[in-house]
Amino acid sequence: MITNVPVNIKKLRENATIPTYGSAYAAGADLYACLDEALTIQPGDTFLVPTGLAMELPDGYAGLIYARSGLASKKGLAPANKVGVVDSDYRGEVMVALHNHSKLEATIEPNERIAQLVITPYIAASFALVDELDSTERGAGGFGSTGTH
């Protein structure tokens, strides 16, 4: 069963496109570039691409901005921070920091799908400072410490 969470969207620019789902069971809604003209991103560069939208996520939810697999694999463009986070109290324009990971320049067209937004509940922690932590078999073993030889 799919749960629908109401999300209020405000267009900050007339040519902004409301997020859309590509299929009935898509987890991510496509975000669109709100550009007046094509934008070329050079290899190794990052550009904040506007969506022209602000949103009001319900308390207890966050919007996670992920790469679109087609854009990442075909043009080498993906969010610079790997996963962007839109908090429920943020009311500014949703921007996507697209980074060109390829060795070729890549062009984004106006209204092109640039990322996907997954809305998810989260759990806020209540951090408690203690003198000792419970011990475990793993202990302080870090990266690769649980693998087999």
Distance-only criterion, 3.5 Å: show the donor-acceptor pairs between side-chain atoms of residues 42-51 and protein atoms not counting sequence neighbours.
residue: Gln42; atom: NE2; partner: Glu105; partner atom: OE1; Å: 3.1
residue: Thr46; atom: OG1; partner: His99; partner atom: ND1; Å: 2.6
residue: Thr51; atom: OG1; partner: Leu53; partner atom: N; Å: 3.3
residue: Thr51; atom: OG1; partner: Val94; partner atom: O; Å: 2.7

**Message:** Assess the residue pair Ile114 and Ile108 against the criterion (side-chain contact (heavy atoms from CB on, under 4.5 Å)); give the C-alpha distance rounded to whole Å, side-chain angles, the decisive distance to 0.1 Å, and a yes or no.
**Reply:** CA-CA 8 Å; Ile114 55 169; Ile108 296 294; 3.9 Å; yes
**Prompt:** Please walk me through it: do Ile65 and Val85 pass side-chain contact (heavy atoms from CB on, under 4.5 Å)?
**Reply:** CA-CA 6 Å; Ile65 299 175; Val85 178; over 6 Å; no
**Asked** Does the pair Glu112 and Lys75 meet the rule for a salt bridge (charged side-chain N to carboxylate O under 4.0 Å, His left out), with working shown?
**Response** CA-CA 13 Å; Glu112 184 172 348; Lys75 293 186 178 182; 3.0 Å; yes
**Asked** Run the side-chain contact (heavy atoms from CB on, under 4.5 Å) check on Tyr21 and Asp30 step by step: do they pass?
**Response** CA-CA 6 Å; Tyr21 289 96; Asp30 290 327; over 6 Å; no
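In this structure, Glu37 and Glu109 have side chains that are not in contact, with every pair of non-hydrogen atoms separated by 4.5 Å or more. Within the 4.5 Å cutoff, the side chain of Pro110 has no heavy atoms near those of the Asn15 side chain.
With rounding to the nearest 0.5 angstrom, the OG1 atom of Thr107 is 9.0 Å from the CG atom of Leu77. Rounding to the nearest 0.5 Å places CG of Leu57 at 6.0 Å from CE of Met55. The distance from atom CG of Leu104 to atom OG1 of Thr40, rounded to the nearest 0.5 Å, is 12.0 Å. A distance of 8.0 Å separates CZ in Arg13 from CG in Leu35, rounded to the nearest 0.5 Å.
With salt bridges taken as basic N to acidic carboxylate O contacts below 4.0 Å, none links Glu56 and Lys10.
A single hydrophobic cluster is not seen to contain both Tyr61 and Leu64; linkage of ILVMFWY side chains at heavy-atom distances under 4.5 Å, directly or through other members, places them apart. Transitive grouping of hydrophobic side chains (ILVMFWY, heavy atoms separated by less than 4.5 Å) brings Tyr90 and Leu31 into a common cluster. Leu39 and Leu71 fall within a single hydrophobic cluster, where Ile, Leu, Val, Met, Phe, Trp and Tyr are joined by side-chain heavy atoms under 4.5 Å apart, directly or via other members. Criterion: ILVMFWY side-chain heavy atoms under 4.5 Å apart, direct or through other members. Under it, Ile9 and Val5 are part of a common hydrophobic cluster.
More than 12 heavy-atom neighbours from other residues, nucleotides or ligands sit within 6.0 angstrom of NZ on Lys11. Other residues, nucleotides and ligands place more than 12 heavy atoms under 6.0 Å from the CG atom of Asn8.
Between Ile18 and Tyr32, the closest heavy-atom pair is O-CE1, 3.9 Å. Looking at every heavy atom in both residues, Ala16 comes nearest to Gly52 through CB-O, 3.4 Å.
Asn100 places a side-chain N or O within 3.5 Å of a backbone atom of Ile41 that can act as its donor or acceptor partner. At least one donor-acceptor pair under 3.5 Å links the side chain of Arg91 to the backbone N or O of Ser88. Side chain of Asp87 to backbone of Asp89: no donor-acceptor contact under 3.5 angstrom is found. No donor-acceptor pair closer than 3.5 Å links the side chain of Tyr66 to the backbone N or O of Ser69.
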